Amino acid sequence: MHQAPVKVLLAAAVVAAVLVLAASAEGITLQNKHGFKVVLTPTGATIQKLFVPSCKGKHRLVNVVLGYENATGYALDPHPNFGATVGRVANRIANASFSLDGKAYTLQANDGSSSLHGGAVPWAKAAWRGSASRDGLSATFEYTSLDGEAGFPGTVAAKVVYSIPAAGSSLAINMSATSDKATPLSIINHAYFNLKGAGNGDILDHIVQLSAHHYTPAAEGTLVPSGMVAPVAGSPYDFTKPKSVRHDLLRANGGAIRGYDTNFVLPPPTGTSTKAPEWWAPGVNPQAAHDAPTRPLAWAATVTEPRSGMRLRMLTNAPGMQLYTGNSLDGKQPGPGVVDAAAAHHGQAAAHAGAYYQRYSGLCLEAQAFPNAINTPGFPSSVLRPGQAFSNRVTYEFSCA
Ligand SMILES: *[C@@H]1O[C@H](CO)[C@@H](O)[C@H](O)[C@H]1NC(C)=O
Ligand SMILES: *[C@@H]1O[C@H](CO)[C@@H](O)[C@H](O)[C@H]1NC(C)=O
Ligand SMILES: *[C@@H]1O[C@H](CO)[C@@H](O)[C@H](O)[C@H]1NC(C)=O
């Protein structure tokens, strides 16, 4: 208790230091002639805002991703990875440890006894090197993760390319990496969508349809998969027909709080001859396959918001997809127009202070390797070896329903 002021001072100093770094980095905006616009920030190679032409009012743009107004928010610790590139390994590694090629590795436990979203050195907070293309339609971010960073083996060269078409509303994300030693790797984007507009209520009436006929059941509380691949039929995880998020929400395992925080097993990409879920063999890494960087993407999800009429389709080459319904958002994350981020961080969600992101105010569709794959021999492998190229490609397409 007596040490609290010291801790607060230290925390403030750390936040200030991060702020200086983040504030000095320049954002990149991609925009096409239809008004579709993506605002990117180098801290975490993050999607800060994503403006889609409204389906209701002409010439109106709606920002459909949760995020902060400026660097103040992104320096919050923790911030829930709004729009960020997450690595080296997204999602959970049980017991914050793994062994690879006979060697044991220990990571930081930051989610109970698990390591979550990169552990001690989250790529979501790293300063990426960013550059925009001449035509303003794509941006490249690069990050070098050194051997031993956060406890992982190998130096990893990671790259994220965001691109939009000259016409139309879609965002392609091409995440790639190479490593000089074998390492587990799963780079993802952690955008939270709200098709009514960020900060404009919850996503419970969004209608979701998924391609997945299988999911990976996880332990209550820890959300670590049991290692089984189970059919969705008859469970709250059955989104094979369109269904509102609300419909079975309270029966879904969201960890400490009810909601979805679930890995779905995606069917094979177009052109793959084998049937779901066997297009990957246990222990084979489909994201390190030679054709992964260029093969056609498979449809994974469609989300429709009835009142705004906005529709989002997601395609990917990844074997898994986490549906997360923002269960842990707690009203302490300041949304658009909020001035006093520091007060919000300390739980003083002042009534005068505009929008805050409450529970279920956004949903994530995270294309990924399966959670805890490195400790689960029956899952597709998440190991990247020297000479291989990791690939996670995602397209988010917007239209009017
Ligand atoms: C965590 O470690 C304990 C003790 O070694 C082990 O019994 C347990 O199976 C591990 N949990 C997971 C999810 O790997
Ligand atoms: C994705 O990026 C990788 C690595 O830069 C590249 O080889 C591949 O061609 C890209 N794929 C697409 C579809 O742009
Ligand atoms: C962050 O954004 C808020 C709201 O737009 C603004 O009031 C505040 O001054 C900004 N802070 C910094 C450090 O730019």
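Not measured: the values here are computed from a predicted model. The chain is numbered in sequence order, starting from 1. Note that ligands are numbered from 1 as they come in the structure, with each ligand's atoms numbered from 1 the same way.
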Just say parallel, tilted or perpendicular for the rings of Phe98 and Tyr105, cut-offs at 30° and 60°.
parallel
Which class fits the ring pair Phe398 and Phe36: parallel under 30°, tilted 30 to 60°, perpendicular over 60°?
tilted
Would you please classify the geometry between the Phe141 ring and the Tyr162 ring as parallel, tilted or perpendicular, with 30° and 60° separating the classes?
perpendicular
Would you find a donor on one side and an acceptor on the other, under 3.5 Å apart, between the side chain of Tyr74 and the backbone of Thr43?
no
Which residue holds the protein heavy atom closest to atom 4 (C) of ligand 2, what is that atom called, and what is the gap in Å?
Ser176 OG, 3.6 Å
May I ask you to list the atoms of ligand 2 that are less than 4.0 angstrom from any heavy atom of Lys159?
5 (O)
Check this for me - ligand 2, Thr294, N or O atoms closer than 3.5 angstrom, yes or no?
no
Closest approach of any protein heavy atom to atom 7 (O) of ligand 2, naming residue and atom
Pro293 CB, 4.2 Å
Of the non-hydrogen atoms in Ser328 and Ile257, which two are nearest, and what is the gap between them?
CA-CD1, 4.4 Å
Give me the residue, atom name and distance of the protein heavy atom closest to atom 12 (C) of ligand 2.
Asn174 ND2, 3.3 Å
Below 4.0 angstrom from a heavy atom of Arg393, which ligand 2 atoms are there? Numbered from 1 as shown, please.
13 (C)
